[in-house]
Amino acid sequence: MKYSLPKSERLHAEKSIKELFEKGSSFFLYPFKIVFWVGEGLEDTANQVLFSVSKKKIKKATGRNYIKRRLKEAYRLNKALLPPTGLLLGFVFVGEAKMSFGELEPKMKLVLQKLPNELSKNLGKHDSKN
RNA sequence: GGUGCAAGUCGUCUUGCCGCUCCGAUUUAUCGGGGAGGAAAGUCCGGGCAACAAAGAGCGCCAUACUUCCUAACGGGAAGGGCUUUGAUUGGUGACGGUCAAAGUACAGCUAGUGCCACAGAAAACAAACCACCUUUGGAAAUGGCCAAGACUUGUCUUGUGCACCUACCAGAGGAAAGGGUGAAAAGGUGGGGUAAGAGCCCACCGCCUCCGCAGUAAUGGGGAGGGCAGGGCAAACCUUAUGGGUUGAAAGAUCAAAUAGACCUCGGGCAAAGAGCUGCUCGUUCGAUUUCUUUUCUUCGGAAAGGAAUUCCGAGGUGGGUAGAUCGAUGGAGUCUUGGUGUGAACCAAGAUCGAGAUAAAUGGCAAGAGCAAUUGCUGCAUUCGAUUCGUUCGAAGAGAGUAUUGCAACAGAACCCGGCUUACAGACUUGCACUUUUU
RNA sequence: GCCGACGUAGCUCAGGGGUAGAGUACUUCCUUGGUAAGGAAGGGGUCACGGGUUCAAUUCCCGUCGUUGGCU
């Protein structure tokens with residue numbers, strides 16, 4: 001497994017982002033809100049992910065950059081915990097202050113371990129409805 | 001040496017592993033190279049660039065405002081001038097003036113107009129009224145005053161059908177514009193003369209105004225002559241004058257353009273002769289052609305015949321608009337550095353060298369090691385100092401610097417089209433200047 | 001990225017050069033057996049911050065900070 005995060009694995013298309021936030025499910029795990037969506041017709045493409053830090057929570061641009069960079073690193077190093085394809089993911093940082101990489105990485109691991117469970121629950125709901 | 005202020009410069013470095021982004025090579029996965037700031041910030045000015053019809057004019061609106069210069073331009077900068085404040089010193093009775101230094105200065109025009117100036121104060125802007133002042137006319141005598149007489153305690157009291165003089169008081173006429181406690185500000189100031197009282201009424205000085213030379217590119221400076229003096233302050237009040245600005249901003253704008261739907265064009269095909277009406281559709285039924293345009297011929301001018309085109313469905317291809325998206329705009333420029341020259345300076349000129357981020361749901365990072373720096377605390381306790389002492393020493397305390405351990409790498413802050421400024425933020429280090437202070441010589 | 005508006009008592013807002021006000025909230029008293037309502041009295045302000053103009057600034061001018069709205 002490569003510890004890389006090229007542009008094809010980052011979520012940048014406006015349409016996909018709209019789809020994620022309008023249709024996707026979410027859960028909280030401090031200091032994140034995680035939004036996810038199993039895209040239709042994306043079974044063959046890699047997971048795409050985006051990171052968001054609110055201007056309301058972190059006032060300075062330097063602080064927002066600081067956190068986003070560390071989030072990307074944490075995801076990059078631990079993304080092997082996820083199934084490799086078909087997911088749209090959004091990490092919204094809801095913490096109030098700067099956090100170091102040492103604090104953020106364990107949280108990210110927790111999230112990535114928890115995500116498959118949430119995913120299967122969600123899929124189950126879909127099936128029962130249909 | 002320390003502290004403070006001001007100005008300026010810098011504002012961590014190296015290596016390894018794993019990543020991000022751009023460029024170039026081979027080649028499709030690797031390799032090589034580049035990758036945040038002095039403010040990238042605030043968005044306060046100016047310019048480039050782009051679109052808007054023309055980009056011109058007028059009105060409006062906005063901005064600027066001592067002079068000269070720099071500049072692509074500016075509300076920026078440089079130099080100079082004036083003014084204000086403070087300090088030192090000096091001249092004068094005084095109003096105030098001279099010299100030096102520092103700091104500040106949005107510094108055109110209230111003798112174009114309009115407006116405002118609370119409270120207090122007689123009055124806040126045409127100078128008038130009021131109080132007080134002076135002259136004069138008339139009245140008046142309780143209390144003052146004066147006069148007369150008397151008394152004695154000889155400087156006081158008493159008395160008066162007292163009032164000519166002085167004067168309080170009342171009324172009238174005139175003079176004068178100096179004084180009037182206030183206020184931020186009071187109608188030029190100070191000193192003297194003068195007068196019934198006064199007044200630039202007169203004189204000297206200070207200030208002011210007008211005119212004329214001189215010096216300076218100019219702001220302005222300095223000199224002379226004249227004028228008794230008009231003109232309170234506020235334009236970061238409206239406004240006037242001069243100058244500048246067309247508006248909107250890269251989310252400007254340009255190019256390419258998938259899929260789907262619809263528009264137009266071409267070709268092919270379907271059909272009982274195309275098709276039309278009824279119908280949501282199908283079946284069926286009715287009409288057996290119709291409509292429009294055009295050309296030609298005939299005509300009894302009503303039409304008739306012939307030819308072409310259109311109208312329908314299906315399929316294919318194409319065209320243009322344009323969404324997602326992509327590319328350009330967009331990073332070689334009023335560029336940076338060095339040297340030389342010109343200029344008081346901002347800056348300009350010449351020569352040489354050099355290329356230094358280009359992202360777009362938005363790169364420039366993470367982890368580790370080392371160096372360097374800083375901090376505090378602990379430990380070691382050598383130079384040195386102090387105290388005690390059994391004085392060849394020993395003990396205790398302080399301890400610059402050094403060693404070691406620990407922690408941190410900072411502050412302010414992240415390019416978003418690009419430049420020139422301004423403003424604001426900034427741990428720490430260094431340099432220069434000034435002020436204060438301490439020590440030594 | 002670009003362009004605006006606002007900041008005044010605990011809260012919601014007036015005031016646009018001359019001692020800062022309203023409603024509500026708060027405190028005390030009256031009223032009531034007690035509470036609410038009502039009545040009376042009172043306290044409470046760095047007018048966001050820093051400069052400047054002016055005799056005088058919440059008001060005018062400049063800068064800073066914060067809040068908030070619009071533009072795809």
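Keep in mind that what you see is a predicted model, and the values were worked out from it rather than measured. Residue numbering restarts at 1 for every chain, and letters A, B, ... go by the order of the sequence lines.
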Notebook entry, point to check: Within the side chain of A/E9, is there an N or O that forms a donor-acceptor pair under 3.5 Å with the backbone of A/V49?
Noted result: no

Checklist line | Rounded interatomic separation in angstrom, taking CZ from A/R64 and P from B/rA363 | finding: 12 Å

Note to self: Please classify B/rU154 as syn or anti, treating any glycosidic angle within 90° of 0 as syn.
What the structure shows: syn

Check: Under 4.0 Å between a side-chain N/O of A/T62 and OP1 or OP2 of B/rA413, yes or no?
Finding: no

Margin query: My understanding is that a pair needs two contacts under 3.5 Å, Watson-Crick or G-U wobble. By that rule, which nucleotide pairs with B/rA273?
Written below: none

Check: In whole Å, what separates the C1' atom of B/rA346 from that of B/rU68?
Finding: 13 Å

Note to self: Looking at A/R76 and B/rC20, is any side-chain donor or acceptor paired with a base atom of the opposite kind under 3.5 Å?
What the structure shows: no

Next item on the list: Specify whether A/F51 and A/Y75 have parallel, tilted or perpendicular ring planes, treating 30° as the upper limit for parallel and 60° as the lower limit for perpendicular.
Entry: perpendicular

Next item on the list: Identify whether the glycosidic angle of C/rG23 places it syn (within 90° of 0) or anti.
Entry: anti

Next item on the list: Once you apply the 3.5 Å cut-off to both distances, tell me the Watson-Crick or G-U wobble partner of B/rC264, or none.
Entry: B/rG318

Note to self: Would you measure the distance from the C1' atom in B/rG60 across to the matching atom in B/rA106 and give it in whole Å?
What the structure shows: 25 Å

Check: In whole Å, what is the span from the CZ atom of A/F51 to the P atom of B/rG365?
Finding: 17 Å

Notebook entry, point to check: Relative to the 5' end of RNA chain B, which residue comes earlier, A/E73 or A/L5, by the nucleotide with the nearest heavy atom?
Noted result: A/L5

Notebook entry, point to check: Can you tell me the Watson-Crick or wobble partner of B/rA429, both distances under 3.5 angstrom?
Noted result: B/rU9

Checklist line | Paired nucleotide for B/rG4 [Watson-Crick or G-U wobble; both distances under 3.5 Å] | finding: B/rC434

Item checked: Interatomic distance at P, B/rU390 relative to B/rG378, whole Å -> 35 Å

Item checked: For atom OH of A/Y66 and atom P of B/rA411, their distance in whole Å -> 10 Å

Next item on the list: To the nearest Å, give me how far apart CD (A/E9) and P (B/rU21) are.
Entry: 11 Å

Next item on the list: Can you measure from CG (A/N78) to OH (A/Y3) and round to the nearest 0.5 angstrom?
Entry: 8.5 Å

Next item on the list: Decide yes or no, distance alone: a donor-acceptor N/O pair under 3.5 angstrom between the base of B/rG19 and the side-chain of A/R69.
Entry: no

Notebook entry, point to check: Taking O4'-C1'-N9-C4 for purines and O4'-C1'-N1-C2 for pyrimidines, is B/rG356 syn (within 90° of 0) or anti?
Noted result: syn

Notebook entry, point to check: Within the structure, does a side-chain N or O atom of A/K68 lie under 4.0 Å from either OP1 or OP2 of B/rA361?
Noted result: no

Margin query: Could you identify the nucleotide paired to B/rA346, looking across every strand shown and requiring Watson-Crick or G-U wobble geometry with both distances under 3.5 Å?
Written below: none

Margin query: Go nucleotide by nucleotide along RNA chain B from the 5' end; which of A/F101 and A/A61 gets its closest nucleotide reached first?
Written below: A/F101

Note to self: Work out how far the C1' atom of B/rU327 is from that of B/rC59, and round it to whole angstrom.
What the structure shows: 46 Å

Notebook entry, point to check: Tell me: OH of A/Y3 to C1' of B/rC20, nearest whole Å?
Noted result: 18 Å

Margin query: Between B/rC214 and B/rA219, how many Å separate the two P atoms, rounded to a whole number?
Written below: 15 Å

Checklist line | Watson-Crick/G-U partner (both atom distances under 3.5 Å) of B/rA353 | finding: B/rU336

Note to self: Both distances below 3.5 Å, Watson-Crick or wobble geometry, any strand: find the nucleotide opposite B/rG35.
What the structure shows: B/rC20

Notebook entry, point to check: Taking CG from A/L11 and C1' from B/rG325, how many angstroms apart are they, rounded to a whole number?
Noted result: 16 Å

Check: Using the P atom in both, what is the distance from B/rA39 to B/rU424, to the nearest Å?
Finding: 13 Å

Next item on the list: Would you indicate whether the side-chain heavy atoms of A/L119 and A/L87 approach each other to under 4.5 Å?
Entry: yes

Note to self: If the glycosidic angle sits within 90 degrees of zero it is syn, else anti. Tell me which applies to B/rA230.
What the structure shows: syn

Next item on the list: Mind listing the closest non-hydrogen atom pair of A/P116 and A/L82 along with its distance?
Entry: CD-CD2, 4.4 Å

Check: Should we say atom NZ of A/K109 is surrounded by more than 12 heavy atoms from elsewhere, each under 6.0 Å from it?
Finding: no

Margin query: Whole angstroms only, please: what is the NZ-P distance between A/K7 and B/rU21?
Written below: 8 Å

Notebook entry, point to check: Which nucleotide, B/rC20, B/rG414, B/rG365, lies nearest any side-chain atom of A/S4?
Noted result: B/rC20

Notebook entry, point to check: Which whole-number value in Å describes the distance from A/N65 CG to B/rA41 P?
Noted result: 13 Å

Next item on the list: Taking syn as within 90° of 0 and anti otherwise, name the glycosidic form of B/rG284.
Entry: anti

Check: Considering only the C1' atoms, how many Å lie between B/rU291 and B/rU260, rounded to the nearest integer?
Finding: 36 Å

Notebook entry, point to check: So does A/K72 get a side-chain nitrogen or oxygen closer than 4.0 Å to the phosphate oxygens (OP1/OP2) of B/rA363?
Noted result: yes

Next item on the list: May I ask you to test the A/F91-A/V111 pair for a side-chain heavy-atom distance under 4.5 Å?
Entry: yes

Margin query: Please give the distance between the C1' atoms of B/rU342 and B/rG420 as a whole number of Å.
Written below: 24 Å

Notebook entry, point to check: Looking only at heavy atoms, which two atoms of A/V35 and A/F21 are closest? And how far apart?
Noted result: CG2-CE2, 4.0 Å

Next item on the list: State the pairing partner of C/rG38; accept Watson-Crick or G-U wobble contacts with both distances under 3.5 Å, and report none otherwise.
Entry: C/rC30

